[in-house]
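This report concerns only the one structure given below.
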Amino acid sequence: MFRIPLQESLASPSAGVVGCPSDRNPRATGVEKMPEAAFTAGAFQEAEVTSALGTRSVVLVGMMGAGKSTIGRRLALRLRLPFRDADVEIETAHAGMPIPEIFASYGEDYFRDGEVRVIARLLDGGPAVIATGGGAVMREETRNRIRDKAISIWLKAEADIIMRRVRRRADRPLLQTADPAATVARLLAEREPVYRQADLTIGSREVPHDKIVDECIEALYARLRAEPAPAPAQNIGLGPGPVP
Ligand code: S3P
């Protein structure tokens, strides 16, 4: 994977891009067909990302309201991978009990322990696109598992955007405080140094979701493309071996 100098090829539509035959090349035909060519190149890039991931997942981390579930669902569609939402999986593991009720009945530590187990299971079932709850990566064991089994993307949202988004919903137990804005500021200060350790960072802002998804795919592509090629399989004497 990633052996084709793709950026160079795309910069020149006549350069014989894989998946972009010359009959679709606007220079060759004189017809303006760039949207189709761009789609083809995008689909090629997505397929390359999925292939290079192998069994690894893409894990979205970041604060509540950063858009991890919304972007994750769309990213999964584009990469043709299953989408898994860790919060939903935790609720399912509790016979559908909503997260605020899990917090209220059993406490945050119990929720966090369950979160560690659920994310471990999701990572073992990769590849997938996994949206994590905002506090998940504060557990070191979860960070280590994500590092070993996934490529992580921090969806980085500023405090004002987070506040605007979380105000629409009252299902964040940590924000049921007298001053939710101060709580978000405190959580951001505690968590940003940890989120920053993600492999990739994409700004979450008020632009069409597909733009953020495009940026995630571009960043994944660049990252995976820079990985060293896997070592060739060693002949350890189990197969027929070379013909003498
Ligand atoms: C939490 C974020 C929530 C959910 C729980 C705790 C957090 O998920 O896991 O309410 O600690 O930031 P989202 O980030 O998907 O809202």
Side-chain angles (χ1 to χ4, degrees), residues 57-76 82-123 128-143 145-146 150 152-206 209 212-213 216:
S57 291
V58 176
V59 171
L60 299 176
V61 307
M63 273 290 281
M64 302 173 243
K68 299 176 299 267
S69 303
T70 309
I71 299 301
R73 200 168 288 115
R74 286 172 164 77
L75 181 61
F83 172 68
R84 304 276 181 251
D85 188 314
D87 285 347
V88 172
E89 298 282 337
I90 294 166
E91 292 176 337
T92 305
H94 273 83
M97 183 184 269
I99 285 174
E101 276 183 51
I102 300 176
F103 265 72
S105 304
Y106 303 102
E108 182 173 350
D109 286 348
Y110 174 88
F111 169 82
R112 297 295 175 199
D113 291 343
E115 188 174 45
V116 167
R117 288 194 298 274
V118 162
I119 294 175
R121 170 169 60 76
L122 295 179
L123 287 166
V129 175
I130 303 171
T132 58
V137 288
M138 300 310 286
R139 284 286 184 98
E140 190 184 4
E141 53 192 311
T142 294
R143 285 203 297 281
R145 285 197 182 104
I146 292 173
S152 52
I153 303 179
W154 173 23
L155 284 185
K156 181 173 192 266
E158 302 299 332
D160 57 329
I161 290 192
I162 293 170
M163 282 313 295
R164 223 175 299 142
R165 291 179 182 165
V166 297
R167 241 185 230 122
R168 293 181 212 141
R169 287 167 43 186
D171 59 354
R172 266 76 176 215
L174 292 186
L175 297 185
Q176 307 310 307
T177 61
D179 187 351
T183 307
V184 163
R186 176 181 58 77
L187 289 174
L188 271 176
E190 284 170 17
R191 293 176 175 183
E192 283 206 346
V194 176
Y195 293 150
R196 197 165 287 129
Q197 295 171 26
D199 296 312
L200 303 165
T201 299
I202 299 293
S204 171
R205 54 226 193 269
E206 305 292 25
H209 294 138
I212 308 280
V213 175
C216 288

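Every number for a ligand or one of its atoms is a count from 1 in the order of the listing.
The main-chain N or O of Val137 is never found under 3.5 Å from a side-chain atom of Thr142 such that the two would form a donor-acceptor pair. A donor-acceptor pair under 3.5 Å is absent between the side-chain atoms of Lys68 and the main chain of Leu155, judged by distance alone.
Annotation: side chain to side chain donor-acceptor pair (under 3.5 Å) contacts of Arg112 (sequence neighbours excluded): Glu108, Glu115.
Looking at heavy atoms from C-beta onward, Arg139 lies in side-chain contact with Asp113 at the 4.5 angstrom threshold.
Looking at Ser204 and Arg165, their side chains do bring a donor and an acceptor atom within 3.5 Å of each other.
For ligand 1, the protein residues placed under 4.0 Å by at least one non-hydrogen atom are Met64, Lys68, Asp87, Ile99, Phe111, Arg112, Gly133, Gly134, Gly135, Arg172, Pro173, Leu174, Arg191.
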_Val59 vs Leu123, side-chain contact (heavy atoms from CB on, under 4.5 Å): CA-CA, chis, key distance, verdict_ = CA-CA 9 Å; Val59 171; Leu123 287 166; 3.8 Å; yes
